[in-house]
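The structure appears right after this line, and notes come after that.
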Amino acid sequence: MTDWVIIGSLATAAGTLALAGATFASIRSANRSARNAERAARIAERSLLAGQRPLLVSSRLQDPAQKVQFAEGNWLAVAGGGAAAQATDGAVYLGISVRNVGTGLAVMHGWHVLFDRPTERTHPPLEEFTSQIRDIYIAPGDIGIWQGAIRDPADAAFQAAAAAIKAGDLLLLSVLYGDFEGGQRVISQFALRYLRSEDPERDRWLASAARHFNVDRPDPR
């Protein structure tokens, strides 16, 4: 006689196994789709951030000269590819001509200046940067001016900067900036050198981008 109980149990087991296989395949396909979607989202995010990423370098020598005014009313004229440095009794004024070769708007946040060659290839601590009194914006593909001032004659940095400007010594300027959302911060270091010529009236400060450091992203080096 046919044992229908056993046959029914075997049929149920086979159905359960088939359902389990279908469920496993469905979950595996869903996981694969989720991974693909996550990978696509990461690629889209990286593409968006790359489109907003600024990068500042020194401007070209053939770029036009620019003028910038400080709060005290003093003006500095900065030639293409150059810098300007002026020391008075009450303030030290600095400016450099820069070009944004990145793809996004650059918003400058702060700066730091050294008067000796660094012994290590690193940037100064962020807490030692001087904040900009106002934000400075440089559009992608355009030129602009960074400006900063030291206004405390009792500050050791004031005295060191004034002495370096008078002697025409090297100045190493670090500029902190990021994109328009405040992210993707970068520190670009510029070397300011005083170029002397046979005609003193043609003496000038030159600026050259020396190194770039990522702050919010891994350093590529």
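Note that this is a predicted model, so its numbers are computed, not measured.
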If I take atom CG from residue L192 and atom CG from residue L172, how far apart are they, to the nearest 0.5 angstrom?
8.5 Å
Is a side-chain N or O of S58 found less than 3.5 angstrom from the main chain of V98, in a donor-acceptor match?
no
How long is the gap from CG on D169 to CZ on R193, to the nearest 0.5 Å?
12.0 Å
Does N100 use its side chain to pair, donor to acceptor, with the backbone of L55 at less than 3.5 Å?
yes
Look up atom CG in L173 and atom CD in Q189, then write down how far apart they are to the nearest 0.5 Å.
9.0 Å
L126 and R185, any side-chain heavy atoms less than 4.5 Å apart:
yes
Answer yes if L94 and L195 sit in the same cluster of Ile, Leu, Val, Met, Phe, Trp and Tyr residues linked by side chain heavy atoms under 4.5 Å apart, and no otherwise.
no
Taking all non-hydrogen atoms of both residues, which atom of A154 and which atom of Q159 are closest, and how far apart?
O-NE2, 3.8 Å
F158/V92 under side chain to side chain contact (heavy atoms under 4.5 Å, CB included): CA gap, chis, key distance, verdict:
CA-CA 7 Å; F158 180 101; V92 171; 3.8 Å; yes
Side-chain donor or acceptor of Y93 paired with backbone N/O of N74 under 3.5 Å
no
Taking all non-hydrogen atoms of both residues into account, name the closest pair between S188 and Y177 and its distance.
OG-OH, 2.7 Å
Under a 4.5 Å cut-off applied to non-hydrogen side-chain atoms, are I150 and T130 in contact?
no
For Q147, is there any backbone N or O sitting under 3.5 Å from a side-chain donor or acceptor partner on Q132?
yes
Can you get from I187 to L56 by hopping between Ile, Leu, Val, Met, Phe, Trp and Tyr side chains that sit under 4.5 Å apart?
no
Residues, nucleotides or ligands: over 12 heavy atoms within 6.0 Å of I133 CD1
no
Using only atom types and a distance under 3.5 Å, with no angle test, would you say the side chain of R99 pairs donor to acceptor with the backbone of G141?
yes
At their closest point, which heavy atom of F190 faces which heavy atom of V57, and how far apart are they?
CE2-C, 3.6 Å
Which heavy atom of I145 sits nearest a heavy atom of Q66, and at what distance?
CD1-CB, 3.2 Å
Please lay out, stage by stage, how F70 and Q86 fare under the test side chain to side chain contact (heavy atoms under 4.5 Å, CB included).
CA-CA 12 Å; F70 290 83; Q86 182 184 79; over 6 Å; no
Other than W75, what residues sit in its cluster of Ile, Leu, Val, Met, Phe, Trp and Tyr side chains whose heavy atoms are under 4.5 Å apart, directly or through others?
none
Between I138 and M108, is the side chain to side chain contact (heavy atoms under 4.5 Å, CB included) condition met? List the steps.
CA-CA 8 Å; I138 311 293; M108 299 186 189; 3.7 Å; yes
Measure the spacing between OG of S97 and CG of L76 and express it to the nearest 0.5 Å.
12.5 Å
Just grab all the ring-ring contact (aromatic ring centres under 6.0 Å, His included) pairs involving residues 116-155, residues at least two apart or on different chains.
W111-W146, H112-F129, H123-F213
What one should report as the nearest heavy-atom pair of A77 and A84 is O-CB, 3.8 Å
How far does OG1 of T88 sit from CZ of R151, to the nearest 0.5 angstrom?
9.5 Å
Could you tell me which residues satisfy ring pair (Phe, Tyr, Trp, His ring centres under 6.0 Å) with Y194, sequence neighbours excluded, listed by chain and number?
W205
Write down the atom of V186, the atom of P54, and the distance for their closest heavy-atom approach.
CG2-O, 4.4 Å
